[in-house]
Amino acid sequence: MKVRCSNLEQTKALAKQVVATFIPGPQATLVGLYGNLGAGKTTFTQSVAEALGVTETVTSPTFIIEKIYKLDHATFDHLIHIDAYRLDREEELVNLGWKEIISNPKNLIFLEWPEKVSGILPTQIQKIVFTVVDETTRDIEVV
C-alpha cells in the first residue's frame with residue numbers, strides 16, 4: 001500500500017490505519033522505517049504514538065538512541081522508538097538490551113535506519129518506506 005500524504009492529518013490517519021493491522025506474534029512487532037533524513041519517519045512515529053494513546057511528547061531519539069513509552073493498550077505494553085542513525089556497529093544496539101526488547105511480544109518497536117543494524121534483525125519485519133515528494137508531501141509505502 002502506497003499513500004501520498006500532503007499534511008499531518010493524512011499522516012495521522014495512515015498511522016492509525018497501520019496500527020490497526022498489527023497482530024502480535026511470538027516476539028515483538030518490529031516496524032522498520034526507511035527513508036532519508038527529513039523524510040517523515042519521526043513524524044509518522046509521533047502519529048502512531050498518538051493513535052496508541054501516548055500523551056507525552058514524542059521526539060526523535062537520535063542522540064539517546066532509544067525511547068520507551070508505556071501503553072495502556074489491549075495488544076501492546078510498550079512503544080519502543082529506536083533511531084539507529086548514529087550507531088556504528090550492530091553490537092551497540094545489542095548493548096541496549098536488543099535481545100530482551102525483541103523477544104517480548106508485548107513490545108511494538110519502531111526502528112529508524114534499520115539498514116544500519118540489518119544483521120541482527122529478525123526476518124519478520126514490517127517495512128515502511130518514506131519518500132520526499134516536495135517540501136510538504138511524502139509518499140509512504142507500507143511493504
Side-chain angles (χ1 to χ4, degrees), residues 1-87 90-118 120-143:
M1 163 177 58
K2 188 175 190 177
V3 177
R4 182 159 285 182
C5 295
S6 300
N7 57 52
L8 185 56
E9 290 73 30
Q10 291 172 337
T11 301
K12 287 180 179 183
L14 178 60
K16 190 173 184 178
Q17 181 181 353
V18 168
V19 166
T21 68
F22 294 144
I23 300 169
Q27 61 183 10
T29 299
L30 176 60
V31 181
L33 305 175
Y34 297 82
N36 293 331
L37 287 171
K41 298 179 296 292
T42 297
T43 299
F44 189 80
T45 304
Q46 290 167 334
S47 298
V48 165
E50 183 178 310
L52 291 169
V54 173
T55 57
E56 59 191 288
T57 302
V58 175
T59 58
S60 174
T62 299
F63 294 102
I64 60 169
I65 310 301
E66 171 186 276
K67 288 189 175 184
I68 300 174
Y69 303 94
K70 178 81 174 116
L71 300 175
D72 292 322
H73 190 266
T75 307
F76 299 106
D77 290 340
H78 297 98
L79 170 62
I80 301 173
H81 185 192
I82 300 172
D83 188 335
Y85 182 74
R86 294 182 56 241
L87 299 182
E90 293 165 346
E91 293 77 29
E92 293 176 90
L93 188 56
V94 172
N95 291 338
L96 290 172
W98 176 250
K99 290 178 183 175
E100 294 79 16
I101 292 168
I102 196 67
S103 68
N104 185 344
K106 298 294 275 179
N107 288 337
L108 174 59
I109 304 168
F110 273 66
L111 175 61
E112 296 187 35
W113 301 97
E115 60 272 23
K116 303 264 298 183
V117 293
S118 61
I120 62 169
L121 300 182
T123 55
Q124 289 296 103
I125 180 173
Q126 173 73 61
K127 296 179 181 180
I128 302 178
V129 180
F130 298 79
T131 305
V132 175
V133 176
D134 61 35
E135 192 172 303
T136 59
T137 306
R138 304 294 185 262
D139 281 343
I140 303 174
E141 183 176 10
V142 180
V143 182

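A donor-acceptor distance shorter than 3.5 angstrom exists from the side chain of Asn7 to the backbone of Glu9, with no hydrogens or angles considered. Distance alone, capped at 3.5 Å, places no donor-acceptor pair between the Asn36 side chain and the Ala39 backbone. In terms of modelled atom types and a separation under 3.5 Å, the side chain of Lys2 and the main chain of Asp139 share no donor-acceptor contact. Listed for the Lys67 side chain is no donor-acceptor partner under 3.5 Å among the backbone atoms of His81. Here the side chain of Glu66 pairs no donor or acceptor atom with the backbone of Asp83 at under 3.5 angstrom.
One distance of note links OG1 of Thr43 with CD1 of Ile140; it measures 9.0 Å at 0.5 Å rounding. For the atom pair OG1 (Thr11) and CZ (Arg138), the distance works out to 9.0 Å, reported to the nearest 0.5 Å. A distance of 6.0 Å separates CG of Leu79 from CG of Leu52, quoted to the nearest 0.5 Å. The structure places CH2 of Trp113 at 13.5 Å from OG of Ser118, a figure rounded to the nearest 0.5 Å. Rounding to the nearest 0.5 angstrom, the gap separating the CG atom in Leu121 from the NZ atom in Lys116 is 13.0 Å. Distance CG/Leu33 to CD1/Ile109: 11.5 Å, rounded to 0.5 Å.
By the 6.0 Å contact criterion, OH on Tyr85 is open, its count of non-hydrogen atoms from other residues, nucleotides or ligands being 12 or less. Heavy-atom contacts from other residues, nucleotides or ligands closer than 6.0 Å to CD of Gln124 number 12 or fewer. Atom NZ of Lys70 has more than 12 heavy atoms from other residues, nucleotides or ligands within 6.0 Å. Atom NZ of Lys127 sits in a sparse spot, with 12 or fewer heavy atoms from other residues, nucleotides or ligands closer than 6.0 Å. A 6.0 Å sphere centred on CG of Asp72 holds no more than 12 heavy atoms belonging to other residues, nucleotides or ligands.
Nearest heavy atoms, Pro105 versus Pro24: O-CB, 4.0 Å. Closest approach of Ile65 and Arg86 over heavy atoms only: CD1-NH1, 4.1 Å. The two residues Ile101 and Asn107 have their closest heavy-atom pair at O-ND2, 2.9 Å. Considering every non-hydrogen atom in both Gln126 and Val143, the closest pair reads NE2-O, 2.7 Å. Closest heavy-atom contact between Pro122 and Gln27: CB-NE2, 3.2 Å. In terms of heavy atoms, Ala15 sits closest to Ser47 at CB-CB, 3.5 Å.
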### Task
Would you check, one step at a time, whether the test side-chain contact (heavy atoms from CB on, under 4.5 Å) holds for Val31 with Phe22?
CA-CA 10 Å; Val31 181; Phe22 294 144; 3.5 Å; yes
Q) Can you check side-chain hydrogen bond (donor to acceptor under 3.5 Å, both in side chains) on Thr42 and Glu112, steps first, answer last? A) CA-CA 8 Å; Thr42 297; Glu112 296 187 35; 2.7 Å; yes
I'd like to know whether Val48 forms a side-chain contact (heavy atoms from CB on, under 4.5 Å) with Phe110, so could you lay out the CA-CA distance, the side-chain angles of the two residues, the decisive distance to 0.1 Å, and finally the verdict. CA-CA 9 Å; Val48 165; Phe110 273 66; 3.7 Å; yes
Between Leu14 and Met1, is a side-chain contact (heavy atoms from CB on, under 4.5 Å) present by the stated rule, with each step listed? CA-CA 10 Å; Leu14 178 60; Met1 163 177 58; 4.1 Å; yes
Self-check item: side-chain contact (heavy atoms from CB on, under 4.5 Å) between Lys99 and Ser103, worked out
Solution: CA-CA 6 Å; Lys99 290 178 183 175; Ser103 68; over 6 Å; no
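Between Thr29 and the choices Leu108, Ile23, Val19, the side-chain contact (heavy atoms from CB on, under 4.5 Å) rule is met once, by Leu108.
Annotation: side chain of Thr137 is in contact with side chain of Arg4 (closest heavy-atom distance under 4.5 Å). In this structure, Ile82 and Leu96 have side chains that are not in contact, with every pair of non-hydrogen atoms separated by 4.5 Å or more.
Note: Phe44 and Phe130 have perpendicular aromatic rings, judged against thresholds of 30 and 60 degrees for the angle between ring planes.
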